[in-house]
Participant: 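Structure in structure tokens, see below.
Numbering starts at 1 and runs along the sequence shown. Atoms within each ligand, like the ligands themselves, are counted from 1 in listed order. Computed from heavy atoms alone, side chains included, the values below leave out hydrogens, waters and symmetry copies.
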Amino acid sequence: MNGKEIYQKVRSKLKEHHELFARAIPLIASENVTSKEVREATLSDFSHRYAEGWPGERVYAGCQYIDDVEFICMDLAKEVFKADFADVRPISGVVANMALYAAFTNPGDVSMSISIPCGGHISTGPLYTSKGAFMGGTAGAVRGLNVKYIPFDRRALVIDTEKAEEAIKEIKPKLLHFGASVFLFPHPVKELAQTAKDLGATVTYDAAHVSGLIACGYFQDPLNEGAEAMSFSTHKTMFGPQHGCVVAKSEQEEFYDKIKRAVFPGLTSNHHLHNVAGLVIALAEIKEFGKDYGAQVIKNAQTLAKALEEEGFTVCGKEKGYTKSHTLLVDISPLQEKAGLGKDIEERLEQADIILNRNLLPWDMFEGRNYLNPGGIRMGTSEVTRLGMKEGEMKQIANFIRRVVIDLEDPKKVAKEVNDFRKEFQTLHYCFGSNEEAYKYIEID
Ligand SMILES: Cc1ncc(COP(=O)(O)O)c(C=O)c1O
């Protein structure tokens with residue numbers, strides 16, 4: 001292929017991708033879709049520029065409007081998270097986590113976080129070796145932290161508060177880092193933060209998944225429950241561009257200085273200014289529409305969970321109402337003989353244009369399953385909510401999933417009905433424009 005042909009091929013792949021998402025049901029818990037207003041900002045000339053340093057104190061020229069936008073972004077982040085400090089320069093959730101590790105720990109220090117099988121994220125995990133190679137989570141492999149796990153009640157899917165308090169007293173971690181990737185129920189920040197702080201820990205909270213809900217006033221309020229800093233991605237329940245952020249609340253200015261130094265020059269040079277601009281607009285959308293959006297996301301997750309249970313699935317967390325966030329976790333191991341495990345079911349649903357992901361269950365390892373083909377599937381309702389879906393649609397989605405996974409109907413046949421169903425949900429809600437086509441491929445003339 002010559003250069004022009006490569007360009008044309010990639011362009012047509014991008015368009016096909018947009019078409020896929022315009023006809024499918026998007027249920028990946030870590031994803032969302034941005035508004036036209038956010039996308040326009042991310043396509044601006046900000047994407048060509050550098051602005052190293054803190055706004056107003058840059059070591060680059062040409063930054064006057066960039067500074068103005070970044071100050072607005074910081075102010076809005078402080079407002080929606082009820083924080084006293086915001087650094088909007090981390091370029092992702094992992095980088096935001098790494099900034100907290102760099103600011104408040106030294107290599108060799110002990111940190112505590114949730115293990116991956118219990119819903120934790122790789123960026124909070126320990127170092128391990130595989131076939132002689134060093135691998136593992138950012139905390140262990142990159143920062144050199146000695147990661148210990150926060151005791152977790154694997155069946156109730158919550159932190160075991162009593163055992164966690166004992167463990168904190170015994171381990172005396174330098175960093176207690178709450179937060180998770182399968183985050184169904186709030187973490188006991190209020191109950192555990194003071195104990196950890198009294199023993200010398202910094203208490204932080206990874207809100208990568210739930211930052212949008214927190215910004216809208218739901219789930220929990222970590223900074224006002226005892227966490228001193230919160231790291232997050234801006235594109236999961238929050239519908240910003242892919243970026244990261246740290247917000248904090250502390251009595252000491254030095255606490256903020258440590259975060260600022262860790263982010264720059266520690267972890268960023270160029271901090272993706274177009275995404276900062278997009279983030280401002282997403283935060284403005286949250287300020288305007290967040291109450292309704294957040295409430296509907298959670299209502300949709302709870303309705304989808306209940307509907308799946310009624311269709312014959314085993315949905316985790318039933319005793320506690322399945323979920324208090326956007327996420328739900330389904331134990332598909334009882335269907336193994338008929339339909340296979342997480343990987344098989346994820347692939348079968350993808351053929352029906354239902355897009356979700358396989359997920360480890362907290363007890364999978366004890367039953368001989370691993371992350372490649374685990375016993376669970378995870379779903380999130382942020383993106384379908386943004387498309388205007390409500391409780392009735394959640395019941396319809398649960399029915400489609402049953403037909404593919406339990407009735408073993410031909411997924412291609414179900415896909416046709418899924419595509420018809422999606423025709424009604426092509427525009428974005430909770431944004432400033434009306435009738436915004438959610439997955440329109442934007443061509444620049
Ligand atoms: C709990 C948690 N932390 C951090 C991250 C990483 O975020 P990012 O992909 O923005 O780097 C994720 C991603 O899913 C996550 O679930």
Participant: Mark yes or no for whether Thr303, through its side chain, and Lys299, through its backbone, hold a donor-acceptor pair below 3.5 Å.
Facilitator: yes
Participant: Check for me whether Gln242 has a heavy atom closer than 4.0 Å to any atom of ligand 1.
Facilitator: no
Participant: For ligand 1, is there an atom lying under 4.0 Å from some heavy atom of Ala180?
Facilitator: yes
Participant: For the 3.5 Å polar cut-off, considering only N or O atoms, please tell me whether Ser233 and ligand 1 meet it.
Facilitator: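 Yes: some nitrogen or oxygen of Ser233 is under 3.5 Å from one in ligand 1.
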Participant: Heavy-atom contacts under 4.0 Å between Asp206 and ligand 1: side chain, backbone, both, or neither?
Facilitator: side chain
Participant: Quick one: do Asp87 and Lys260 make a salt bridge, cutoff under 4.0 Å?
Facilitator: no
Participant: Which atoms of ligand 1 are found less than 4.0 Å from any heavy atom of His235?
Facilitator: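 In order of numbering, the contacting atoms are 10 (O).
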Participant: If a pair satisfies side-chain hydrogen bond (donor to acceptor under 3.5 Å, both in side chains) and one of its residues is in residues 265-275, list it, with sequence neighbours excluded.
Facilitator: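 For residues 265-275: Glu52-Ser269, Glu70-His271.
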Participant: Output yes when the distance from some N or O of ligand 1 to some N or O of Val94 is under 3.5 Å, and no in every other case.
Facilitator: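 Indeed, backbone or side chain, Val94 has an N or O that close.
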Participant: Can any side-chain N or O of Arg348 pair as donor or acceptor with the backbone N or O of Lys343 at less than 3.5 Å?
Facilitator: no
Participant: Can you give the donor-acceptor pairs under 3.5 Å from side chains of residues 171-181 to other protein atoms, not counting sequence neighbours?
Facilitator:
unit_1 : atom_1 : unit_2 : atom_2 : d
Lys172 : NZ     : Lys169 : O      : 3.2
His177 : ND1    : Thr204 : OG1    : 2.6
His177 : NE2    : Asn97  : OD1    : 3.0

Participant: Of the protein's non-hydrogen atoms, which lies at the shortest distance from atom 16 (O) of ligand 1, and what is that distance?
Facilitator: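 Result for atom 16 (O) of ligand 1: Ser181 OG, 2.6 Å.
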Participant: Report yes or no: does a heavy atom of Gly244 sit under 4.0 Å from some atom of ligand 1?
Facilitator: no
Participant: Should one rank His121, Met98, Glu31 by closest heavy-atom distance to atom 15 (C) of ligand 1, which comes out on top?
Facilitator: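 Shortest heavy-atom distance from atom 15 (C) of ligand 1: His121.
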Participant: How far is atom 13 (C) of ligand 1 from its nearest protein heavy atom, and which residue and atom name does that atom have?
Facilitator: Lys236 NZ, 3.0 Å
Participant: CD of Glu40: more than 12 outside heavy atoms within 6.0 angstrom?
Facilitator: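 Not buried by this count: 12 neighbours or fewer within 6.0 Å.
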Participant: Write down the atom of Ser113, the atom of Val147, and the distance for their closest heavy-atom approach.
Facilitator: OG-CG1, 3.6 Å
Participant: Please work out which of the three classes, parallel, tilted or perpendicular, describes the rings of Tyr293 and Tyr430, given edges at 30° and 60°.
Facilitator: perpendicular
Participant: Quick one: which ligand 1 atoms are inside 4.0 Å of a heavy atom on Ser92?
Facilitator: 10 (O), 11 (O)
Participant: Among all protein heavy atoms, pick the one closest to atom 8 (P) of ligand 1 and tell me residue, atom and distance.
Facilitator: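 The answer is Gly93 N, 3.4 Å.
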